[in-house]
Every structure is written in C-alpha cells, then in structure tokens.
Amino acid sequence: MGEHPSPGPAVAACAEAERIEELEPEAEERLPAAPEDHWKVLFDKFDPGNTGYISSGKFQSLLESHSSKLDPHKREVLLALADSHADGQICYQDFVNLMSNKRSNSFRQAILQGNRRLSSKALLEEKGLSLSQRLIRHVAYETLPREIDRKWYYDSYTCCPPPWFMITITLLEVAFFLYNGVSLDQFVLQVTHPHYLKNSLVYHPQLRAQAWRYLTYIFMHAGIEHLGLNVVLQLLVGVPLEMVHGATRIGLVYVTGVVAGSLAVSVADMTAPVVGSSGGVYALISAHLANIVMNWSGMKCQFKLLRMAVALICMSMEFGRAVWLRCHPSAYPPCPHPSFVAHLGGVAVGITLGVVVLRNYEQRLQDQTLWWIFVAMYTIFVLFAVFWNIFAYTLLDLKLPPPP
C-alpha cells in the first residue's frame, strides 16, 4: 500500500481505524478532500444508526490500539475526554474537535470535569529532552497554570511562526532611539533636549488631532535608562507569552495598552506629552502577574514569589522614574515633561482584557462573556476619550503649551 508523506497523528489513527474495523474492503480508498467530510464519513461508520453519537468505549479502544500513532500527551488528553462522558457517548462535534485538534470550550470542560486524572508523570519530570524541548517546556511552565495545557502546548508548538511581534517592536524601538541619539547627540535623558518634542512621533496635546501620535509615541523614549528597562521587561515577559498565545493575541493586548495609555494621558494629564512603550509593556506584565496570582497553586514556575517581587520592584522603579521626570522642571517650558499616566492605562488593560486572553489558552475569546464585557468597557472608554479630546479642551478653556 502506498504511504502518504508525514501524516498527522490523528489522520494516521483514523486511517488505521478503518482497517481495524474492516468497514471498507479497499484500504487505499481516497479520503474526501474536505476535512469535515472526512470526519463525517468516519463518524458515520462508527454510527451506522445515524444517532449523532458514538460509543466512548469504542473511541477509547481506538486510541489505545494506535497509541504509537499519537503524541503521548495528546493521547492522555483524548483518553481523559473519553472517560469524562458519564453517558458513555461522544457527539459528532466533540469527535471533530478531537480528531482535528480543536480545543473547544466543551472539550476543556469535559476534561476538567472528568472522573479520570492524568496518570503519567508530569512534563517537568521527563528526561532526555533536547535543548529546544527544554526551552519549550520551560516556557510552558512559565505561562500556563494547568498540566494538561502544558502538555498540549509542548506537543503542539512548532516555532512556526516564531515570536516575531515582540522582537520586531523591540528592534524598531532600539533603532529609533539610536537614530534620535545620534540626531540629538544625547543618549541619557534625551527628553531634556530642547528639540526632543519636535519629533513627529511624540504625542503632544496641541497636536492631538494627528491620530498616529496616539500609537507612534512608543518609539520615542526618555533616555537609555527608560528604553533599557522597557526592552528587558517586554522581551522577558512578552516573548514567552507570544510563544504560547500567538502574535495576534499578545499584539492585541500590547497595542490596546499603548492606545489606552495615550488616551488616559489626554484625559487625566491634559497638558503633558507622552513617550515610551510603557503602556504596552505594563499591559503585558500586569496581565501575566494577575494570571499568576489567580492561578497561584497551578503555576509551577520556579521562585515565583521572588520573581514576582523583582518584577514589581522593576515596575515600581520605572514608574517612580516617570513620576519624578514629570514633576522635574521642564527643559522646554511651558510644556511639562512627559506624563506617567500611560503606565496606569496599560495596567488597566492588562488586568481586564489581558487576563481574559491569558486565562483562555487556545479557546475562542468570542465565547467568553468576560471578554465581551471588557471589550465593551474598553470601547466606551475610547469613545469617551475621543469626545473628550474634541470638546473638553475648549469647554474647560484650558491653556495648552504651544506646539513644538
């Protein structure tokens, strides 16, 4: 019989099942092109009465008979699901989710509520792993609170695509900082240079109609001390989070934190400019720390209490630096130095939207009620801030510093 190149574990198991059950005389029968059609054909063979259910016992026997075709950790998850069905049946949609490696909410709930505990040793106890495997395992224990999620991630991660978002953002921030350092001939406390605010990337209250400034201010930093701490924090926290949750989700948390930061300044510190990526960085870190606290017993990262303390100290030092700079006599009066309120906007995003993202590994966010609640809150805040920027400055008769 001709072999297909590198079949996936689930497809291989299904192909073997067709031969074991002797439901088709031709072993080389071509499968339908559409995946859903393929699963429907296979399901119907297990369900000749078209009841919409198959026996969990038969499904379990299939997995045990062909365990060599499946990643061991995924096999444990599938067996746990088969055991968790008290009525002894698996519906068609659960079957599709299983064989397609799609982890729906019903899939997770069935596992968590099942009456079978994973019996094999923890992922942390496995020996003989390569350097890359140990790195993936380390990331899993750094970010995920459940052993079943850690095993699933360990088997599923392929490093394709790599964590490109956080790396790209960091490289751009460093590149812009070096360019400004050469242009201003100043690297420490660049923000004190009289021409610093002339850069078209900085958010300035007089130029708030230029909408790109609410986002591009992240590429301008107050100095090398500001840039250095932000870069270290977003690489140490952001890259592992992106490896687990993907660029789309982590990028969403980061960007919403950035926008919330500049909008918060425009509402709460109306005369001040904004620079630095602290809004996005604080959104990621606060979401990660909140997730650790909320899942304290499940998080197995080493020295978690000490590391949380170090992270909070670093965040406090950076925030204290920002407060000191804001209160320091300005180098370009009457415009004050950049605001520190963007940090608080990032924290607010992190403990709301960010926590929902990190708590729902590989789950559909649109299925989470809290997600829509926090999205609605964020949208209301953005709309409020937009109208505030349009009308409040005139109504309050606020005297703004002249444009740079």
Side-chain angles (χ1 to χ4, degrees), residues 169-234 238 254-285 314-315 317-347 349 385 389 400-404:
I169 287 291
T170 301
L171 291 176
L172 287 174
E173 290 171 1
V174 172
F176 276 105
F177 174 79
L178 293 176
Y179 173 79
N180 289 322
V182 172
S183 300
L184 301 175
D185 193 25
Q186 185 171 338
F187 289 90
V188 178
L189 284 177
Q190 282 184 2
V191 71
T192 60
H193 194 284
H195 295 160
Y196 179 81
L197 292 184
K198 293 184 180 294
N199 195 294
S200 60
L201 302 179
V202 176
Y203 169 82
H204 190 282
Q206 278 281 21
L207 304 174
R208 63 189 183 280
Q210 299 175 356
W212 70 84
R213 292 177 180 264
Y214 289 91
L215 186 61
T216 58
Y217 74 92
I218 67 172
F219 300 117
M220 297 291 294
H221 283 80
I224 193 169
E225 66 289 340
H226 185 198
L227 173 73
L229 193 53
N230 277 350
V231 163
V232 169
L233 289 175
Q234 73 185 22
Y254 189 87
V255 172
T256 51
V258 168
V259 174
S262 53
L263 290 176
V265 172
S266 71
V267 171
D269 196 2
M270 299 168 66
T271 62
V274 191
V275 298
S277 59
S278 298
V281 173
Y282 274 53
L284 291 178
I285 296 178
C314 291
M315 293 173 67
M317 289 175 57
E318 208 283 320
F319 183 72
R321 178 210 58 80
V323 173
W324 169 83
L325 183 63
R326 174 64 178 85
C327 299
H328 194 270
S330 176
Y332 24 77
C335 183
H337 279 146
S339 176
F340 58 84
V341 177
H343 299 69
L344 305 179
V347 171
V349 168
N389 277 273
L400 294 177

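None of these values were measured; they are calculated from a predicted model.
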From [X] atom [atom1] to [Y] atom [atom2], the distance as rounded to the nearest 0.5 Å:
X	Y	atom1	atom2	value
F177	I224	CZ	CD1	5.0 Å
N389	L263	CG	CG	7.0 Å
N230	I218	CG	CD1	10.0 Å
L227	M220	CG	CE	11.5 Å

Just by distance, do the side chain of [X] and the backbone of [Y] share a donor-acceptor pair under 3.5 Å?
X	Y	answer
Y332	V191	yes
T170	V231	no
H221	H226	no
T216	L201	yes
Q186	V188	yes
R208	S266	no

Start with the C-alpha distance between V349 and Y282, add both sets of side-chain angles, then the distance that settles side chain to side chain contact (heavy atoms under 4.5 Å, CB included), and finish with yes or no. CA-CA 9 Å; V349 168; Y282 274 53; over 6 Å; no

Where do [X] and [Y] come nearest, in terms of heavy atoms and distance?
X	Y	result
Y217	R213	CD2-O, 3.4 Å
A283	G257	CB-CA, 4.0 Å
E173	S277	OE2-CB, 3.2 Å
V274	A342	CG1-CB, 4.0 Å
A260	G345	CB-O, 3.9 Å
P402	P334	CD-CG, 3.7 Å

Verdict with reasoning, L215 to S262, per side chain to side chain contact (heavy atoms under 4.5 Å, CB included): CA-CA 8 Å; L215 186 61; S262 53; over 6 Å; no

With a 4.5 Å limit on heavy-atom distance, are the side chains of P205 and M270 in contact? no

When you compare the side chain of V258 with that of Y214, does any pair of heavy atoms fall below 4.5 Å? no

Let's go through F340 and W324 carefully: what are the C-alpha distance in whole Å and the side-chain angles of both, what is the deciding distance for side chain to side chain contact (heavy atoms under 4.5 Å, CB included) to 0.1 Å, and is it a yes or a no? CA-CA 9 Å; F340 58 84; W324 169 83; over 6 Å; no

Mind checking whether H337 and H328 have parallel, tilted or perpendicular rings, split at 30° and 60°? parallel

Who pairs with E318 by salt bridge (Lys or Arg N to Asp or Glu O under 4.0 Å), at least two apart in sequence or on another chain?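 Scan of E318 (salt bridge (Lys or Arg N to Asp or Glu O under 4.0 Å), adjacent residues dropped) gives R321.
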
By the side-chain hydrogen bond (donor to acceptor under 3.5 Å, both in side chains) test, which pairs, at least two apart or in different chains, include something from residues 194-204? N180-N199

I would like to know whether V182 and F187 meet side chain to side chain contact (heavy atoms under 4.5 Å, CB included); could you show each step before the answer? CA-CA 8 Å; V182 172; F187 289 90; 4.3 Å; yes

